[in-house]
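Structure first, then comments.
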Amino acid sequence: MVKASMVCYLKLLLLLALGGVTMHVPDADVLAPLGPGALRLHGHLSFHDVAAVARDFGNRCSLLPAAVLHPGSVSDIAAAVQRVFQLGERSPLTVAARGHGHSLLGQSQTAGGIVVKMESLGGNARMQVHNGDGATTPYVDAPGGELWINVLHETLKHGLAPRSWTDYLHLTVGGTLSNAGVSGQAFRHGPQISNVNQLEIVTGRGDVVTCSPEENSDLFYGALGGLGQFGIITRARIALQPAPKMVRWIRVLYSDFASFTEDQEALISAEKTFDYIEGFVTINRTGILNNWRTSFKPQDPVQASHFQSDGRVLYCLEMTKNFNDDEADIMEQEVGVLLSRLRYIQSTLFHTDVTYLEFLDRVHSSELKLRAQGLWEVPHPWLNLLIPRSTIHKFASEVFGKILKDSNNGPILLYPVNRAKWDNKTSVVIPDEEIFYLVGFLSSAPSLSGHGSVEHAVNLNNKIVDFCEKANVGMKQYLAPYTTQQQWKAHFGARWETFERRKHMYDPLAILAPGQRIFPKASLPMSL
Ligand code: FAD
C-alpha cells in the first residue's frame, strides 16, 4: 500500500517538475525509513497529498515535502521525530509542523522532509476548559493544532475567553505561540505568549516534555516565540477570563500624526481605558476615502457626510469597550469620558455595537469577501515591523507619503504596546524601549506586473527596511522572513547565544522548522 503510494508520489513529483513548482526531489533511499512498518501510528503518513502543504498564505514560496504526517496522537508526532533523529545527521530528512499554513515565506514547509499537519492532531488531545474557582484562574488546555476560532467557540460555552488575541482567528495555537500573537489587547495583557501557563512539547529528539514557568522552564520560555526551533507544541494551557457579550467598536480619524500617537499612548498607559486599541494609516491621494468606516454609524451623520480627506494622510484610531446587556449605560458614560480626552477630527466619530464573537472574528468576514472575488489566494508580500516609540515620528515622516504614496494594496496597521507586558525570558525579539509600535504593511499582490505586483510591494518593503537601517530606527522585524543565519544573528543580537544554546539542547540535529532558515540541518557547533 505504502509502496504504491510512493510510486504515485514519484509520478506526482515528475508532473510538478514539468509544472514548474519550486521543489526538491528526495531519492528513494531518503524515503525508505518511512516505509511500511517503520512507524506505528494512530494516524497515518501519506505521500499523495504533499502538494497541498507545499504552499502558504504568502503564496511566494513552494517546497515539496516527502510525506505528510496526519497525527492521530501526540505519540505519533514523537515517533516520527524520534525516527528522523535516529537516522542521524547524514539523513537530510527534516520535520515541519504546519498549523494552518498562514506563514508568509515557507516557514511551515520543508523541502523533501515530513510536514506534520497539526490540525489533524486527535486522539486524547481534545480541548478541555477548566472554570477555575476563587483560588485558581480559569484556563483551557488546547491542542497545538487547534484554530483560535475553535478555542473561542469552546470557551464561550463556559462564558469564558482567552485574554489576548490576533486580529484573525483562523490561525493555530502552536503557530501564533511560536511567533508571539499580537493584537489590540496586547497593551494590557501582553501578546498571546504572555498568557500561557503550560506547554506540552515534542522536542527535536522525539521526547514529550511538559513545561511551564516552574517545570522545564528553559524549554517553556524558549518555545514561546521560538519559531518552532525547539519543539512541536502539542498542547497549550491558555489563561481565560470572563467573556463579555457585546463590544462597542469605535473608529475616529486624525490628520496629525503627533496627536494620533499621543492619544494612542495615553490610552494604553491609562488605568481606566478601552479594552482593545489599534490604529491604521490611510494614504489616498485621490481624496476618496476607502472602506475604513464600512458598517459603522457616524455619531453626527450630517457633519460626517461633509468630511473629505483632501488627499491627506489620515490615521484611524480604533478602539473597543466590552459590555454586557445590563451595563450599556455605564459603557456609554465611560466611552464618553475617554473620547472627550482625545483630539480626533470631531466629525469622524463612527461606532457600532457587535457581539464579542463578531468583533473577534471580524477579519474572517473580509476573508470570505476576498475569497469570493478570488483575491485571498494571491501573493502576500507582508512586512511587519516593531518600531521604538523614540523613532516612530522619524519613521512615519519618511514612510507615509514619501516612500508610500498610497495604501491601496492593503491595510497599514500602526499601534503601540507596552514592553512591560512582554516576558524577556521568551525567544521573541522586541525593541529595547518601554513603548514600541507594531507597524504592519499587509499588502496583497494580485497582478503580475505594475502597482499590484509582488515586485512593486517588495521594492517598497525594501525601501522601508533600508531606511530603518540607515536612519538607525532601532527596528526589529516580526514574522521575519530572513534567509541566512547571518541575518538571524543580527536579528537576535545579544540573545543569539541563548537561542543557539537552546537549539543545541532541544533539537541538536536541527530537524525542526527548517523553513525558518535559521539552522541548516546538523550545522550546529558540537562544542556548545
Ligand atoms: P504556520 O504558518 O503553519 O506555522 C508558523 C511557524 O510555526 C512555522 O515555522 C511552523 O513550522 C511553526 N509551527 C506551527 N505549528 C507549530 C506547533 N504546534 N509547534 C511548534 N511550531 C509550530 N499574527 C499576529 O501576531 N497578530 C495578528 O493580528 C495576525 N494576523 C494575521 C492575519 C492573517 C490574515 C494572517 C494570514 C496571519 C496573521 N498573523 C498575525 C500571523 C500569524 O501569527 C502567523 O501567520 C503564524 O504563522 C500563524 O499561522 P499558522 O497557525 O497557520 O502557523
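Atoms within a ligand are numbered from 1 in the order they appear, just like the ligands themselves.
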Non-neighbouring partners of Asn409 that pass side chain to side chain contact (heavy atoms under 4.5 Å, CB included), sequence neighbours left out: Ser443, His451, His456
Which pairs, with at least one residue in residues 421-434 and sequence neighbours excluded, count as a side-chain hydrogen bond (donor to acceptor under 3.5 Å, both in side chains)? Ser390-Glu433
Of the options Glu278, Glu318, Met319, His351, which is the one that meets Arg251 in a side-chain contact (heavy atoms from CB on, under 4.5 Å)? Glu318
Give a yes or no on whether a salt bridge exists between Arg371 and Glu377, defined as a side-chain N under 4.0 angstrom from a carboxylate O. yes
Quick one: ligand 1 N/O to protein N/O pairs below 3.5 Å?
unit_1: ligand 1; atom_1: 2 (O); unit_2: His102; atom_2: N; d: 3.2
unit_1: ligand 1; atom_1: 2 (O); unit_2: Ser103; atom_2: N; d: 2.9
unit_1: ligand 1; atom_1: 2 (O); unit_2: Ser103; atom_2: OG; d: 2.5
unit_1: ligand 1; atom_1: 3 (O); unit_2: Gly99; atom_2: N; d: 2.7
unit_1: ligand 1; atom_1: 3 (O); unit_2: Gly101; atom_2: N; d: 3.1
unit_1: ligand 1; atom_1: 9 (O); unit_2: Gln107; atom_2: O; d: 2.8
unit_1: ligand 1; atom_1: 9 (O); unit_2: Gln516; atom_2: NE2; d: 2.9
unit_1: ligand 1; atom_1: 11 (O); unit_2: Ala97; atom_2: O; d: 2.6
unit_1: ligand 1; atom_1: 18 (N); unit_2: Ile233; atom_2: O; d: 2.9
unit_1: ligand 1; atom_1: 19 (N); unit_2: Ile233; atom_2: N; d: 2.8
unit_1: ligand 1; atom_1: 21 (N); unit_2: Ser178; atom_2: OG; d: 3.2
unit_1: ligand 1; atom_1: 25 (O); unit_2: Val182; atom_2: N; d: 2.8
unit_1: ligand 1; atom_1: 25 (O); unit_2: Tyr478; atom_2: OH; d: 2.6
unit_1: ligand 1; atom_1: 26 (N); unit_2: Val182; atom_2: O; d: 2.7
unit_1: ligand 1; atom_1: 28 (O); unit_2: Asp167; atom_2: N; d: 2.7
unit_1: ligand 1; atom_1: 28 (O); unit_2: Val182; atom_2: O; d: 3.2
unit_1: ligand 1; atom_1: 45 (O); unit_2: His102; atom_2: O; d: 2.7
unit_1: ligand 1; atom_1: 47 (O); unit_2: Asn179; atom_2: ND2; d: 3.4
unit_1: ligand 1; atom_1: 51 (O); unit_2: Thr172; atom_2: N; d: 2.7
unit_1: ligand 1; atom_1: 51 (O); unit_2: Thr172; atom_2: OG1; d: 2.6
unit_1: ligand 1; atom_1: 52 (O); unit_2: His100; atom_2: N; d: 2.8
unit_1: ligand 1; atom_1: 52 (O); unit_2: Gly101; atom_2: N; d: 3.0
unit_1: ligand 1; atom_1: 52 (O); unit_2: His102; atom_2: N; d: 2.9

Taking side chain to side chain contact (heavy atoms under 4.5 Å, CB included) as the test, write out the residues that go with Asn461, two or more places apart. Pro381, Leu383
So, do Leu69 and Leu41 sit near enough that their side-chain heavy atoms are less than 4.5 Å apart? yes
